[in-house]
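In what follows, every chain begins at residue 1, and chains take the letters A, B, ... in the order their sequences are listed. Computed from a predicted model, the values in this text were never measured in an experiment. Both backbone and side-chain heavy atoms feed into the values below; hydrogens, waters and symmetry mates do not.
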4 protein chains.
Amino acid sequence: MTKIDGRVVRAERKRRERREKVLQAATKVFSEKGYHASSIADILEVAGIARGTFYLYFESKRAIFDELLDKLLAHLMEKVCKVDVTPGALAPRAQLSAIVRHVLATLVDNRELTRILLREAIGIDAEFDAKLKEFYDRVLGLLMSALQTGQEIGLVRPVDEHLTAYCILGSVKELADHTLVQAGGATSIDLDLLTETALEFNLNGLLQR
Amino acid sequence: MTKIDGRVVRAERKRRERREKVLQAATKVFSEKGYHASSIADILEVAGIARGTFYLYFESKRAIFDELLDKLLAHLMEKVCKVDVTPGALAPRAQLSAIVRHVLATLVDNRELTRILLREAIGIDAEFDAKLKEFYDRVLGLLMSALQTGQEIGLVRPVDEHLTAYCILGSVKELADHTLVQAGGATSIDLDLLTETALEFNLNGLLQR
Amino acid sequence: MTKIDGRVVRAERKRRERREKVLQAATKVFSEKGYHASSIADILEVAGIARGTFYLYFESKRAIFDELLDKLLAHLMEKVCKVDVTPGALAPRAQLSAIVRHVLATLVDNRELTRILLREAIGIDAEFDAKLKEFYDRVLGLLMSALQTGQEIGLVRPVDEHLTAYCILGSVKELADHTLVQAGGATSIDLDLLTETALEFNLNGLLQR
Amino acid sequence: MTKIDGRVVRAERKRRERREKVLQAATKVFSEKGYHASSIADILEVAGIARGTFYLYFESKRAIFDELLDKLLAHLMEKVCKVDVTPGALAPRAQLSAIVRHVLATLVDNRELTRILLREAIGIDAEFDAKLKEFYDRVLGLLMSALQTGQEIGLVRPVDEHLTAYCILGSVKELADHTLVQAGGATSIDLDLLTETALEFNLNGLLQR
DNA sequence: TATGAATGAGTCTTCATTCAT
DNA sequence: CATGAATGAAGACTCATTCAT
């Protein structure tokens, strides 16, 4: 039985590897040509597999795209959480720094997926728009609750939490877009500078004080 | 000859009106369904014209989309200019306020086009991406020069001008997106609150001082 | 207006002619190769039209097949009705003769469609099977009611109406199949002999009396 | 050597059992969904074997279908023979009764295959049509020779033997179809009633005498 | 022998664009 | 000018069959 188990395990691993190969190919293709301009044929060519093989691993073009983004969104949410303001916790600024760093690091580690998220994952269809909205809504929710807490403990000045949350989200998105997406693949990125700039911008604004 | 001239002029006007009608229809359709999901047939139906007629006025689906966006981009750039810091000029803050207000007002006045710009004008094709990049680069250029000037006259604290420009752009884009695009068509918008929030956020950040 | 009306009418007629051309082509193709073995491409070739044109007139391969059969079934049912046994009506035998003649004549006039009905219209899908069953059930219903009436007026010997109705239907179907379908297209057919044989067989059976 | 022989024999038996299992599965699947709607995958699932295994036993989807039908056709022909009218033989009516009974019994014993024969074995392809035609031609040949003999000995009234043979065949086919195929699987069947109805219908027709 | 992953030919269907009227 | 029928390239997806393990 061990022998068979071994075989099964190996087969399972191989299957996952193969799936992964297709996912990689799809990532590359989608990120380069966008969802609509990418054909299954393009993915097949990059993955080096036959038409039928694709459908062995994925239900449809749409399904593989979904999976790609789901993975990135999950990664992004991994360490994004409420700021802890109970006594004894890390300083809020340090916590925020960690979160922003995590997000940016994840995006840096997944440049192609980031491009897809920021550039190609829009206008796919209503269902997908909803998924994306849900993700951003969760992020915005956290931001708003953070702003509220910040105001309560007197750290944050009085602001419209809704609108301000959008501003924060937008600043980080655009930062990521221009740094990771527009810059060609080869550019090396100073994660610390990025994190610091984002944080400073959001916390202190532009004006000299 | 005058008679003929009159006819020609009238014909010319009629032609422009018809073009306009098609552009309106396309705006509505693209804004509702996105570029890819919109078919020429959708536009024809809304415009109330025949298939062949469309191609009398526009070269292709792509071309009319281009024209739509070009118009909005031109409107947006109309009053966006360098901040004037020569003595006697308006206070920088007032100038900025005017510019931001103009941009937001233009977007408010063109909700459907705004949706197209922010949501659907991405991932069309490389050429279109380039056009958009050019537009944003001009905006970013102005922002960076403003940041530089601001730093020189000691108004702005030392920042990475590049990255910070992205943050500013992003905050305004996202603000516009959530306020104009995500909110259904009927919502009334407080342009002053919007302008003020954007400006305050960018200038003063979040922290209490 | 008359001019335009004329144009519209002419266009409408042309449209119907074109549709008819495609229907003819489909009839030929389906009858020769069967539903499953026939591809849209086969129909296009015979009809001499382009791929897109087909979908201008018909929703799908399935839809055109449906329409083909519907037409034949409607024709067949046209003069099939209950036998009238009120005093003064034609003799039952004459009425039956007329009905059988009509059915066989319709089948003779539509040899290809007959082939499709008897040979290819089986196992398309559940929905189609249902449509066919409905048709045959109507025929069987008429037959059973005729058998009942016949028994009541002492014309018909006591029989199981259900089973006997099947026998009658089957004898006519097979007669048609072998005469119209299996015989190549060119054979000339003696409609009178056919009608008479069917009727005699069903009424008097085989035995000498 | 005997030992090896034993092994070989056992292996041979196992092989046949496995083949049988697949045939059973195919029968079930084809009878439920029809030839075209049945996929190899469906058969595999029911048979509980792997894809490759199927092709170890059968050449193709088409081949297993062939084999299924061949078996039924052979069974059916087993006791179908010329009527013996030499003096001392059983009465013709009794002989016919036995033959019809055998045919109907065989169909009853193989309901699923019957459904396939009557419903799904049509429009597969030209070759298959030919095989079926050959079978029916043999049946028709016997019927025609019986009719001829019957007429010669004055038992049968003068009829067109060709056309009448079709009628007989059709009546039995339709009887079988409605009784065995359309009625769900569970219905119990009165073989005697069936045989008697068929015989009476064919021999005596409908009319009271 | 048994397996099931891989293959790729084959089909339907859509839709932007052209062109004869 | 306006029309809308016709076009055909392009793309997604299925499934019988093969083959390496």
Whole-Å gap separating P (E/dA16) and CZ (B/F65):
14 Å
Quick check for you: to the nearest 0.5 Å, what is the distance between D/D129 atom CG and D/E134 atom CD?
13.0 Å
What is the distance, rounded to the nearest whole Å, between atom CZ of C/F58 and atom P of E/dT14?
16 Å
Spacing of A/L56 atom CG relative to F/dC13 atom P, expressed in whole Å:
15 Å
Keeping C/T53 on the side-chain end and C/I49 on the backbone end, is there a donor-acceptor pair under 3.5 Å?
no
Treating C/K61 as the side-chain partner and C/S38 as the backbone partner, does any N or O pair qualify as donor plus acceptor under 3.5 Å?
yes
Any strand is fair game: report the nucleotide pairing with E/dG8 by Watson-Crick or G-U wobble, both distances under 3.5 Å, or none.
F/dC15
Taking a pair as Watson-Crick or G-U wobble with both distances under 3.5 Å, which nucleotide is matched to E/dT21?
F/dA2
Separation of B/L44 atom CG from E/dA16 atom C1', in whole Å?
11 Å
Just by protein heavy atoms under 4.0 Å, how would nucleotides 14-21 of chain F read 5' to 3' in B, S and -?
BBBBB---
Grab the CD-C1' distance between C/E45 and E/dG10 for me, whole Å please.
16 Å
Hey, does B/Y57 reach any base, or is it just sugar-phosphate, or nothing, if we go heavy atoms under 4.0 Å?
sugar-phosphate
What is the distance from CZ of D/R15 to C1' of E/dA2, rounded to the nearest Å?
12 Å
Distance in angstrom units between C/I124 CD1 and E/dC12 P, rounded:
13 Å
Please give, in whole Å, the distance from F/dC13 C1' to A/I43 CD1?
13 Å
Between the side chain of D/T27 and the main-chain N/O of D/L23, is any donor-acceptor distance below 3.5 Å?
yes
Tell me every residue that passes side-chain hydrogen bond (donor to acceptor under 3.5 Å, both in side chains) with A/K33, counting only those two or more places apart in sequence or in another chain.
A/D42
In this structure, are over 12 heavy atoms from other groups packed under 6.0 Å from C/K21 atom NZ?
yes
Taking C-beta and beyond as the side chain, do C/L44 and C/I40 meet within less than 4.5 Å on heavy atoms?
yes
